[in-house]
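Beneath this line is the structure, given in structure tokens, with notes to follow.
Being a predicted model, the structure only gives us computed values, none of them experimental.
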Amino acid sequence: MEVGKKYTITETVTEAQLAKNVGSGCVEVFATPMMIALIEKTAAACVQEDLPQGDSTVGTAIQVSHVAATPAGMKVTATVEITAVEGRAITFAVKAEDEKGLIGEGVHQRVVIHVDRFNEKAQAKLS
């Protein structure tokens with residue numbers, strides 16, 4: 001994984017992703033949590049192919065603005081760019097755009113984890 005690597009994913013906004021349907025408001029527009037989920041999905045996909053078998057990443061921080069509303073049926077594209085790699089931490093500049101322009105931007109950080117160890121540690125909380 002290298003600084004400068006970019007990745008994009010485009011999805012069409014569905015009814016299920018609207019704020020009124022995910023509990024983040026009562027309006028019929030692409031919900032902020034769904035924009036964040038798309039950004040995280042894009043960042044995870046950006047680096048997954050560069051990781052050893054059995055490793056993945058988890059999101060540890062995100063700071064984004066959501067500056068424009070997007071109705072169901074419009075396409076939204078998330079674009080991420082790696083801006084720093086420090087040990088296991090990867091930092092991304094992120095943005096989301098619909099067919100009319102910018103809807104959100106910010107910074108996202110992910111950390112490389114060993115999937116089996118991570119899951120075991122999480123499940124240990126149940127005992």
Side-chain angles (χ1 to χ4, degrees):
M1 127 194 44
E2 295 183 14
V3 170
K5 181 178 181 181
K6 292 182 180 181
Y7 201 84
T8 63
I9 293 178
T10 300
E11 294 183 350
T12 301
V13 176
T14 67
E15 288 287 323
Q17 295 172 311
L18 300 182
K20 71 174 192 164
N21 295 324
V22 300
S24 70
C26 62
V27 292
E28 296 183 13
V29 297
F30 191 46
T32 301
M34 302 311 298
M35 181 186 75
I36 291 169
L38 178 59
I39 287 168
E40 286 208 69
K41 176 181 178 179
T42 306
C46 178
V47 297
Q48 188 61 47
E49 68 184 25
D50 297 327
L51 298 174
Q53 182 79 13
D55 283 3
S56 190
T57 60
V58 293
T60 57
I62 190 156
Q63 181 177 354
V64 294
S65 61
H66 193 175
V67 299
T70 305
M74 286 191 81
K75 290 184 184 341
V76 172
T77 300
T79 302
V80 302
E81 179 178 358
I82 298 173
T83 58
V85 178
E86 299 171 7
R88 297 183 312 128
I90 309 156
T91 305
F92 301 85
V94 301
K95 69 178 176 179
E97 298 171 294
D98 65 20
E99 297 164 67
K100 298 294 183 178
L102 183 71
I103 65 166
E105 63 186 338
V107 177
H108 176 43
Q109 187 171 58
R110 300 187 72 77
V111 171
V112 177
I113 53 101
H114 300 287
V115 175
D116 290 341
R117 271 189 269 161
F118 185 88
N119 286 332
E120 286 172 16
K121 186 175 178 182
Q123 289 302 310
K125 287 183 162 187
L126 295 172
S127 54

Legend entry - Least distance between heavy atoms, A16 atom then V22 atom: O-CG1, 3.3 Å
Inset, instruction - Determine the minimum heavy-atom distance between K5 and D50, stating which atoms define it. - result: NZ-OD2, 2.9 Å
Inset, instruction - Drop me the distance from D98's CG to T12's OG1, to the nearest 0.5 angstrom. - result: 11.5 Å
Inset, instruction - Using a strict 4.0 Å threshold on nitrogen-to-oxygen distance, state whether K95 and E81 make a salt bridge. - result: no
Legend entry - Heavy-atom pair of closest approach, residues A124 and S127: O-OG, 3.0 Å
Inset, instruction - For residues V85 and M1, report the shortest heavy-atom separation together with the two atoms involved. - result: CG2-CG, 4.1 Å
Legend entry - Backbone of A61 reached by a side-chain donor or acceptor of H108 within 3.5 Å: yes
Legend entry - I9 with V94, same ILVMFWY side-chain cluster at under 4.5 Å: yes
Inset, instruction - Measure the CD-CD1 distance between E2 and I82 for me, rounded to the nearest 0.5 Å. - result: 8.5 Å
Inset, instruction - Without swapping roles, check the side chain of R110 against the backbone of I90 for a donor-acceptor pair under 3.5 Å. - result: no
Inset, instruction - Considering non-hydrogen atoms only, spot the tightest contact between M34 and Q17 and give its length. - result: CG-O, 3.4 Å
Inset, instruction - Going by the side chain to side chain contact (heavy atoms under 4.5 Å, CB included) test, name the single residue among V64, T91, T83 that passes it with V107. - result: T91
Inset, instruction - Indicate, with yes or no, if V47 and V112 share a hydrophobic cluster defined by side-chain heavy-atom contacts under 4.5 Å among Ile, Leu, Val, Met, Phe, Trp and Tyr. - result: yes
Inset, instruction - Please report the closest heavy-atom contact between L18 and A31, naming both atoms and the distance. - result: C-CB, 4.0 Å
Inset, instruction - Using a strict cut-off of less than 4.0 Å between a Lys/Arg side-chain nitrogen and an Asp/Glu carboxylate oxygen, indicate whether K75 and E99 qualify as a salt bridge. - result: no
Legend entry - Spacing of OG1 belonging to T70 relative to CD belonging to E28, to within rounding of 0.5 Å: 14.0 Å
Legend entry - Nearest-0.5 Å distance, CE of residue M74 to CZ of residue F30: 11.5 Å
Legend entry - Main-chain N/O of E15 paired to N21 side chain as donor or acceptor, under 3.5 Å: yes
Legend entry - Hydrophobic cluster identity match, I39 and V29, side-chain contacts under 4.5 Å: no
Inset, instruction - Please step through side-chain hydrogen bond (donor to acceptor under 3.5 Å, both in side chains) for the pair Q48 and S56, ending with a clear verdict. - result: CA-CA 6 Å; Q48 188 61 47; S56 190; 3.0 Å; yes
Legend entry - Approximate separation, where rounding is to 0.5 Å, of I62 CD1 and F92 CZ: 10.5 Å
Inset, instruction - Nearest 0.5 Å please: distance from the CD1 atom of I36 over to the NZ atom of K41. - result: 15.5 Å
